Amino acid sequence: MNTPAWFKFVAVLALLWNLLGCIAFFSDLRLSPEDLAKLPEAQQALYAARPGWAVAATAMAVFGGALGSMGLLLRKKWALPVFVLSLLGIIVQDMGLFVLADGLSLAGPVAVVLQSVVLAVGIGLVLLSRKGIARGWLS
């Protein structure tokens, strides 16, 4: 079955979005104690309160999103379970950030908006891959 032209465009955008997430993740890991000391106190507290499993969930979210996006570009069905894992990573990361680390008060409303967009994109990619399988765009 022919895949619509917009599908490839969306898959490329998804890959770029998720590669930006990978870059942000690696940048976050590379912060030195000196870099952390330059951050506002609230952000320093947020970094200190982050559990290790939330950082691992972030890795699962961004790398899963990038791999799933490559699956979309290759028109492969395996994109769906990879996107589901990525979405689970987003949800676990958000639990660590907003529930356990009190990210709302420490990071502020901008972080909530950004994470809401990340969650919406994650859900959208799961739905897109499901639609792609149902319509025969992914094999």
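Being a predicted model, the structure only gives us computed values, none of them experimental. We number each residue from 1, following the sequence as shown.
- Contact between L72 and S129 at its shortest, heavy atoms only, is CD2-CB, 4.2 Å.
- At a threshold of 4.5 Å between side-chain heavy atoms, the hydrophobic network of Ile, Leu, Val, Met, Phe, Trp and Tyr places V121 and V10 in one connected group.
- Closest of all the heavy-atom pairs between R30 and D35 is O-OD2, 4.1 Å.
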**OP:** Tell me, with the steps shown, if M70 and K76 meet side chain to side chain contact (heavy atoms under 4.5 Å, CB included).
**Re:** CA-CA 9 Å; M70 286 187 256; K76 298 296 181 184; over 6 Å; no
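- The heavy-atom pair separating L15 from L73 by the smallest distance is CD2-CD1, 3.7 Å.
- Between A61 and N18, the shortest heavy-atom distance links the atoms O-OD1, 4.4 Å.
- Residues P4 and W137 come closest through the heavy atom pair CD-CE2, 3.3 Å.
- One hydrophobic cluster holds both L125 and L138 under the rule that ILVMFWY side chains link at heavy-atom gaps under 4.5 Å.
- The line from CG of L67 to CH2 of W78 is 4.5 Å long, rounded to the nearest 0.5 Å.
- Of the N and O atoms on the side chains of R75 and T3, at least one donor lies less than 3.5 Å from an acceptor on the other residue.
- In the hydrophobic clustering of ILVMFWY residues, with side-chain heavy atoms under 4.5 Å counting as a link, M60 and L20 come out apart.
- Contact check for L119 versus I123: side-chain heavy atoms found under the 4.5 Å cut-off.
- Here the closest non-hydrogen pair linking G122 and L87 is C-CD1, 4.1 Å.
- Separating the CZ atom in F26 from the CG atom in L29 is a distance of 7.0 Å, to the nearest 0.5 Å.
- Rounding to the nearest 0.5 Å gives a distance of 7.5 Å between OG of S116 and CG of D94.
- F83 and F63 are members of different hydrophobic clusters when ILVMFWY side chains are connected at heavy-atom separations under 4.5 Å.
- Of the possible polar contacts, none joining the D28 side chain to the F25 backbone as a donor-acceptor pair under 3.5 Å is found.
- The CG atom of L128 lies 10.5 Å from the CZ atom of R135; values are rounded to the nearest 0.5 Å.
- I23 and L16 sit in two unconnected hydrophobic clusters of ILVMFWY residues. Membership requires side-chain heavy atoms under 4.5 Å apart, directly or through other members.
- Distance check: L31 CG to K38 NZ gives 10.5 Å after rounding to the nearest 0.5 Å.
- No donor-acceptor pair closer than 3.5 Å links the side chain of S86 to the backbone N or O of G64.
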Subject >> Test side chain to side chain contact (heavy atoms under 4.5 Å, CB included) applied to V12 and W17, step by step >> reply: CA-CA 9 Å; V12 169; W17 167 265; over 6 Å; no
